[in-house]
Amino acid sequence: MQYDYSKLWGAIAERYGTQSKFSKAIGISEHSISQKMNCKIGWKQSEILRICELLNIPHKDISKYFFTLKVQQNWT
């Protein structure tokens with residue numbers, strides 16, 4: 001299952017500018033963030049809550065940032 005993290009990327013870029021600055025703020029390596037954002041490994045619940053704090057994401061909006069499925073294009 002692939003998730004669309006574009007909304008999360010936008011919030012990170014707006015608040016921190018770069019993935020590097022964000023990774024330092026959250027205390028997760030850039031490599032791990034890249035793996036998580038590319039759906040190679042999952043986010044821990046504690047990480048999701050910490051990210052929400054850092055980016056001022058209301059808990060009611062967590063699904064919009066972390067659980068939106070990517071739309072797959074089927075061209076026939």
Side-chain angles (χ1 to χ4, degrees):
M1 195 172 321
Q2 295 285 311
Y3 292 101
D4 179 355
Y5 292 121
S6 58
K7 192 167 182 80
L8 181 58
W9 273 122
I12 290 168
E14 184 178 309
R15 175 88 163 114
Y16 290 95
T18 67
Q19 181 176 306
S20 176
K21 290 178 185 176
F22 177 68
S23 74
K24 288 176 184 161
I26 190 83
I28 300 173
S29 73
E30 284 186 69
H31 178 74
S32 289
I33 289 176
S34 179
Q35 293 278 15
K36 292 169 188 282
M37 295 295 266
N38 288 300
C39 302
K40 303 292 183 198
I41 57 176
W43 293 100
K44 295 177 184 174
Q45 290 177 348
S46 60
E47 293 168 339
I48 291 172
L49 292 175
R50 179 73 176 127
I51 290 168
C52 287
E53 287 176 19
L54 291 173
L55 299 177
N56 296 318
I57 297 170
H59 289 177
K60 66 179 181 68
D61 292 336
I62 287 173
S63 63
K64 294 176 186 175
Y65 288 83
F66 291 92
F67 301 106
T68 299
L69 294 175
K70 277 189 179 179
V71 176
Q72 303 225 340
Q73 301 280 339
N74 290 328
W75 302 99
T76 53

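In what follows, every heavy atom counts, from backbone to side chain, and hydrogens, waters and symmetry copies are set aside.
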Same cluster or not: I41 versus F22, using hydrophobic residues (I, L, V, M, F, W, Y) connected whenever any side-chain heavy atoms lie under 4.5 Å apart?
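Looking at the clustering, F22 is in a separate group from I41.
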Is [Y] close to [X] at the side-chain level, that is, under 4.5 Å between some pair of heavy atoms?
{"X": "I51", "Y": "I26", "result": "yes"}
{"X": "I62", "Y": "F67", "result": "yes"}
{"X": "M37", "Y": "L8", "result": "yes"}

Spatial distance of atom [atom1] ([X]) from atom [atom2] ([Y]) [nearest 0.5 Å]:
{"X": "Q35", "Y": "S29", "atom1": "CD", "atom2": "OG", "answer": "8.5 Å"}
{"X": "S63", "Y": "K7", "atom1": "OG", "atom2": "NZ", "answer": "10.5 Å"}
{"X": "W43", "Y": "I33", "atom1": "CH2", "atom2": "CD1", "answer": "5.5 Å"}

Whether over 12 other heavy atoms sit under 6.0 Å from H59 NE2
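It does: H59 NE2 has more than 12 such atoms within range.
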S23 and S20: side-chain donor and acceptor closer than 3.5 Å?
no
I'd like to know if the side chain of [X] reaches the main chain of [Y], judged simply by a donor and an acceptor atom lying under 3.5 Å from each other, with no hydrogens or angles considered.
{"X": "N38", "Y": "K40", "result": "no"}
{"X": "Q19", "Y": "E30", "result": "yes"}
{"X": "D61", "Y": "I57", "result": "no"}
{"X": "K36", "Y": "G42", "result": "yes"}
{"X": "S32", "Y": "I28", "result": "no"}

Candidate pair T68 and Y3, rule side-chain contact (heavy atoms from CB on, under 4.5 Å), full reasoning:
CA-CA 6 Å; T68 299; Y3 292 101; over 6 Å; no
Tell me the closest heavy-atom pair linking L55 and I12, and the distance in Å.
CD1-CG1, 3.9 Å
Looking only at non-hydrogen atoms, find the nearest pair between Y5 and F66 and report the distance.
CE2-O, 3.6 Å
So, are E53 and R50 salt-bridged, with charged N and O less than 4.0 Å apart?
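Judged by the 4.0 Å cut-off on N to carboxylate O distance, E53 and R50 do form a salt bridge.
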With a distance cut-off below 6.0 Å to the six-membered ring centre and an angular limit of 45° from the axis, does K21 pair with Y16 as a cation-pi contact?
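No; the conditions do not both hold, so K21 does not lie above the ring face of Y16.
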